[in-house]
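What follows is a set of notes on a single structure, which appears directly below.
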Amino acid sequence: MKTLVLQGIDTLVADGTLPEGLETRAVSVEPPRDPAHGDMATNAAMVLAKPARKSPRDIAAALAEVLAKDPGIANADVAGPGFLNLRLDPSRWFSIIPAVIAAGTGFGRSEMGQGQRVNVEFVSANPTGPLHVGHTRGTVFGDTLSNLLAFAGYDVTREYYINDGGAQVDVLARSAYERYREANGLEPEIAEGLYPGDYLIPVGEALKEKYGDSLIDQPEDKWLAELREFATEMMMDLIRSDLALLGVKMDSFFSEKSLYGSGRIEEAVESLESRGLIYNGVLEPPKGKKPEDWEPRPQTLFKSTEYGDDVDRPLKKSDGSWTYFAPDIAYHYDKIQRDFDMLIDVFGADHGGYVKRMKAAVAALSGDKSVSLDIKLVQLVKLFRGGEPFKMSKRAGNFVTLRDLLDQVGPDETRFVMLTRKNDAPLDFDFDKVTEKSKENPVYYVQYAHARACSILSRARDENMETSDEALAGADLSLLGRDAEMRLLRKISEWPRHVELAANHHEPHRISFYLYDLASEFHALQHQGKLEEEHRFVRPDAPDLTRARLALVRASMVVISTGLGILGVTPMEEMR
RNA sequence: GGUCCGUUAGCUCAGCUGGAUAGAGCGCCGCCCUCCGAAGGCGGAGGCCAGAGGUUCGAAUCCUCUACGGACCGCCA
C-alpha cells in the first residue's frame, strides 16, 4: 500500500508537479483511527508541502488523481488539512482471507529480522533455590519476546546466566551441608544467613547417597568446593523443571564460574585497557547522603563516563578481587565474540542503575561491530488475593514459589496476565481475578473467542457443511460486506503490522492487547447472529453465504491461535 | 546531589518510531438470551492527557524546566 503511494509521488515528480529529491521517509500510510475516513490514510501531502513549496491540499488532490487510476483503489479523497483518504476496492480486503487460511499459523510471519542473531538473556536467577513469583514476569517476558522475535525473522538464542561464582553459592553449600548432616541423623544447625528452605533436604539426602558419612565433622575446606558444585547442579535441575512448567526452554546456560581462572575476565578487561578505558582512581562519595564508614580507596575503574554513564565504575574491590561487574563485562564480551548482532537483557527494575554501565561496556567492547544492547527492565508484580495485597517474606517462610503459583493458576493464565502490562509498568496480579472466567479476565475473553469459533465450525459440520480449509478458501467472499464483518476483517489484516511493531519495540504486551481487540470484534459479530437469525454464521438455507462467513471465522481463529502461540498460551477448543 | 522509570476517565491501564472528534476494562445508569456458547453483546454518563514553555502545518506522543510517585546511586549479587 505504501509503495503504491510512493509510486504515485514518483509519478508526480516525473510530470513536474513535484520537485525532485524529496525526502519521503516521513510519509506514512496507516489505517485511520476513524474507519469513516476510509481504509487507509496518508499524510504525504502535508509532509511534502513545505519542501515542495505547494499547498498540501493541492498536492493531495494531484496525488488522489494519480492513485484513483489504480484498480485496487476504489476512491481517494482529500480531507482536513491535507490527508488523503483511500478506500480500497473490497476485493482487496477479501483477498486476505484465503491468504490467512493458506498460511495458517504462518500468517503474519515477518522477514524483518533478516536472520540476524539475537541473544535474549533472561531469568538468570541465582542457583540457590527454586524460582519464585518474583522471577515469573521476567521469565514470561523474555520467553515471549524470544518467540516474537523468532516469528519476526530473527535467529534467537534464549540464554540463562548462572550466577554461580559469588558468595551466595558458599551460603548454598553450607546450607546443603547442614541438610547433609540431617540426612545422617544429626540435628541441622541452620544458622542465621543460611537458606532454610525445605528444597535443600533432597540435596542433603543425595549427598548422603554419594558420600555416606565421610564428610561429617570434616572442616569446611574439605568439602566446600565440591558441595558448591553439587548443590548448584541440583538447583539448576530444579530451576529447569520450574521453567518447563511455564513452558520455557532455554537454548543455552552460561556459567559465571566458568569465567574465573580461564583468563576470560582478564581478557575482557585488557580489551578495555587497550582502548584506554581503565585506570586506577578514587571515587567520590555519593552525594546527598553521608555514609558513615566512607573512606576514599583506590580501585581499578572503568571509564564508563566516556559512554554516557554518570560515574566511572569499579572493576576491582579495594582488596584486589573482582567486583560482580567484571565477570558481567566478560560475559557480555563473550556474547559479542559469539557473533550476535543484537543483545537483549531482561532484568528486574531494581537493576536499573546497572543499565548505563552495561551499555557503556558493550559499546566499548563491540568496537566497530557496534553490537546493540537493549536492556528491558521488568517492574514488580504486586500480588493480591481477593483484592487484598498479599505480603510475602522469605523470613516468615511464606514466599510463593513459581510452582505454588502454577498449582493455583495454571501456566496459560499466568503467562497471559503477565503480558497485560508494559514491562516497565508495575503489574497487579490477583490470584482470584486471574482464574475468574469472565470478560474482566482477558485470558478467558480471548480463549472464549477461539472456542466459539471452533464451536461454530463444528456446528456447521453438524449441518453437513464442508469446513475444510480447501473448501473455505474457495468461498465467494464478495457475499460478505456488513459493517461488523468488515471491522473484523480489518482487524485481522492488521495482524502483520502489530507483529512488526511489537518486535521492533521489544514489547510483547502489544500482542496481548491486539488479541483482546480482535476477540472483541469477533464477539460483536457473533452476537449479531443472536439478535437476527439472518446474521448467523451458519445458514443451512444459504450455503454460499455460510461458506464465506465460515472462511472469516476460520481466519479469525487462525490469527488468534497464532497470537496465543507467540504468548505461549494454548488455544482452547472448548471451555467447559 | 545525581540517574532511570512513571503521571491519560472515580479505579486499573492501552495509545502505532508526531495526525483528524484521546480508547478499553472495572465501577455507575439503562437495555439484550424459546440457546450458531450471556465465560457474551449494545447504549449512556464520566478527560485541562500532572503543570509551564518550546519545536511543527499538527503534540498525550519529540525537547527543556517544574511538581508529585517509585526504583537505584563505592567493596551485596
Side-chain angles (χ1 to χ4, degrees), chain A residues 26 28 30-34 36-37 41 43 46-47 49-50 55-56 79-83 85 126 163 165-168 256 282-289 291 294-297 299 301 309-311 313-314 316-319 321 323-325 327-328 348-356 377 379-380 420-422 424-428 433 436-442 444-445 447-449 451-452 454-460 462-463 494 497-498 500-502 504-505 509-510 512-513 516-517 520 523-531 533 535-539 546 549 553 574-576:
Chain A
S28 74
E30 292 174 342
R33 267 197 207 133
D34 184 348
H37 290 131
N43 61 356
M46 287 176 290
V47 175
K50 199 164 189 183
S55 102
F83 282 101
N85 292 329
N126 284 341
N163 290 105
Q168 75 279 7
E256 176 195 355
V282 178
L283 285 174
E284 294 289 310
K287 291 169 186 165
K289 60 174 184 180
W294 172 270
E295 35 184 294
R297 285 169 184 159
Q299 293 175 287
L301 299 170
D309 203 356
D310 317 308
V311 286
R313 304 292 174 177
K316 279 186 178 174
K317 304 175 192 171
S318 49
D319 66 4
S321 64
T323 63
Y324 65 91
F325 186 38
D328 281 355
D350 53 340
H351 288 60
Y354 194 71
V355 171
K356 280 191 175 180
L377 297 178
Q379 267 290 355
L380 284 180
T420 52
R421 290 284 176 273
K422 283 192 295 232
D424 51 11
L427 171 80
D428 291 349
K433 274 192 183 150
E436 191 173 297
K437 299 175 178 179
S438 76
K439 186 178 178 181
E440 204 175 330
N441 186 344
Y444 281 93
Y445 189 75
Q447 290 278 28
Y448 184 35
R452 261 182 165 171
C454 288
S455 166
I456 289 160
L457 291 180
S458 99
R459 165 87 193 177
D462 292 345
E463 299 287 347
E494 286 174 17
R497 210 174 116 248
H498 284 275
E500 294 202 345
L501 280 170
N504 235 332
H505 290 256
H509 75 277
R510 290 171 188 262
S512 321
F513 281 93
Y516 189 89
D517 287 348
S520 177
H523 288 308
L525 176 60
Q526 188 275 166
H527 183 74
Q528 291 194 346
K530 287 187 109 53
L531 301 178
E533 204 155 326
H535 287 156
R536 293 189 178 181
F537 292 113
V538 181
R539 292 267 309 279
T546 299
R549 288 179 177 172
V553 170
E574 52 177 56
M575 308 191 59
R576 295 191 193 283

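Just so we're clear, the structure is a prediction, and the values are computed from it rather than from any experiment. Here is the naming used below: chain letters follow the sequence lines, and residue numbers restart at 1 for every chain.
The side chain of Glu574(A) approaches rG37(B) more closely than any other nucleotide in the set rG37(B), rG19(B), rC32(B). In the set rC36(B), rC5(B), rG37(B), the nucleotide with an atom closest to the side chain of Asp424(A) is rC5(B). Picking from rA71(B), rG19(B), rA77(B) the nucleotide with the shortest atom distance to the side chain of Asp350(A) gives rA71(B). Closest approach to the His509(A) side chain among rC42(B), rG15(B), rC5(B) is made by rG15(B) (side chain taken as heavy atoms from C-beta onward). Among the nucleotides rU12(B), rG41(B), rC36(B), the one closest to the side chain of Asp428(A) is rU12(B). For Ile456(A), the listed nucleotide lying nearest its side chain is rC36(B); candidates were rC36(B), rA38(B), rG15(B). In the set rA20(B), rU17(B), rC76(B), the nucleotide with an atom closest to the side chain of Leu501(A) is rU17(B).
rA71(B): Watson-Crick or G-U partner is rU3(B), with both key distances under 3.5 Å. Across every strand in view, rC35(B) sits unpaired, with no contact that passes the Watson-Crick or G-U test at under 3.5 angstrom. In this structure, rG46(B) forms no base pair with any nucleotide, since neither Watson-Crick nor G-U wobble geometry is met with both distances under 3.5 Å. Within the shown strands, rG51(B) is the pairing partner of rC65(B) under the Watson-Crick or G-U definition, both distances less than 3.5 Å. A 3.5 Å limit on both hydrogen-bonding distances identifies rC57(B) as the Watson-Crick or G-U partner of rG19(B). The partner of rC11(B) is rG25(B), judged by Watson-Crick or G-U wobble contacts that both fall below 3.5 Å.
As rounded to whole Å, 12 Å separates atom P of rG40(B) from atom CD of Gln526(A). Spacing between atom NE2 of His523(A) and atom C1' of rC33(B) amounts to 16 Å, rounded to whole angstrom units. Remark: C1' of rA14(B) and NE2 of His505(A) are 14 Å apart, rounded to the nearest angstrom. Computed from coordinates, the Tyr448(A) OH to rA38(B) C1' distance equals 6 Å when rounded to whole Å. Between the NZ atom of Lys356(A) and the C1' atom of rC73(B) there is a distance of 11 Å, rounded to whole Å. Separating the CZ atom of Arg536(A) from the C1' atom of rG40(B) is a distance of 15 Å, rounded to the nearest angstrom. If you take NZ of Lys437(A) and C1' of rA38(B), they are 16 Å apart, rounded to a whole angstrom. Put simply, CZ on Arg421(A) is 14 Å from C1' on rU8(B), counting in whole angstrom units.
More than 90° away from 0 lies the glycosidic angle of rC48(B), which makes this nucleotide anti.
Among the heavy atoms of the strands, none lies under 4.0 Å from Gly352(A). Heavy atoms of Tyr516(A) sit under 4.0 angstrom from primed sugar atoms or phosphate atoms, though from no base atom. Nucleic acid contact for Lys316(A): none, since no nucleic acid atom lies under 4.0 Å from a heavy atom of the residue. As judged by a 4.0 angstrom heavy-atom cut-off over every strand, Pro426(A) is placed among residues touching the sugar-phosphate backbone only. Contacts of Arg313(A) with the nucleic acid, taken as non-hydrogen atoms under 4.0 Å apart, are absent. The residue Thr323(A) sits apart from the nucleic acid: no heavy atom pair falls under 4.0 Å. Looking at heavy-atom distances under 4.0 Å, Ala425(A) makes contact with sugar-phosphate atoms alone, never a base. Across all strands, Asn441(A) comes closer than 4.0 Å to no nucleic acid atom at all (heavy-atom distances).
A distance of 6.0 Å or more separates the ring centres of Phe513(A) and His498(A).
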* For Gln299(A) and Lys316(A), what are the C-alpha separation, side-chain angles and deciding distance, and is it a side chain to side chain contact (heavy atoms under 4.5 Å, CB included)? -> CA-CA 6 Å; Gln299(A) 293 175 287; Lys316(A) 279 186 178 174; 5.7 Å; no
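When the P atom is used for both rA14(B) and rU7(B), the distance is 8 Å, rounded to whole Å. To the nearest whole angstrom, the two P atoms, one in rC48(B) and one in rG40(B), are 31 Å apart. Nucleotides rA50(B) and rC57(B) place their C1' atoms 28 Å apart, quoted to the nearest Å. One P atom belongs to rG25(B), the other to rA45(B), and the distance between them is 15 Å to the nearest Å.
Side-chain nitrogen and oxygen atoms of Lys317(A) include at least one within less than 4.0 Å of the OP1 or OP2 phosphate oxygen of rA77(B). For rC36(B), the OP1/OP2 oxygens have a side-chain nitrogen or oxygen of Lys530(A) closer than 4.0 Å. Contact annotation: Ser455(A) side-chain N/O to rG37(B) OP1/OP2 distance is under 4.0 Å. In terms of phosphate contacts, Tyr445(A) brings a side-chain nitrogen or oxygen within less than 4.0 Å of OP1 or OP2 of rG41(B).
Stacking here means ring centres nearer than 5.5 Å and ring planes tilted less than 30 degrees, and by that measure Phe83(A) stacks onto rA20(B).
A donor-acceptor contact under 3.5 Å links the side chain of Asn85(A) to the base of rA20(B).
Aromatic ring orientation, Phe325(A) versus Tyr354(A): perpendicular (interplanar angle above 60°, classes split at 30° and 60°).
In terms of position on RNA chain B, the residue among Leu427(A) and Tyr444(A) whose nearest nucleotide sits closer to the 5' end is Leu427(A).
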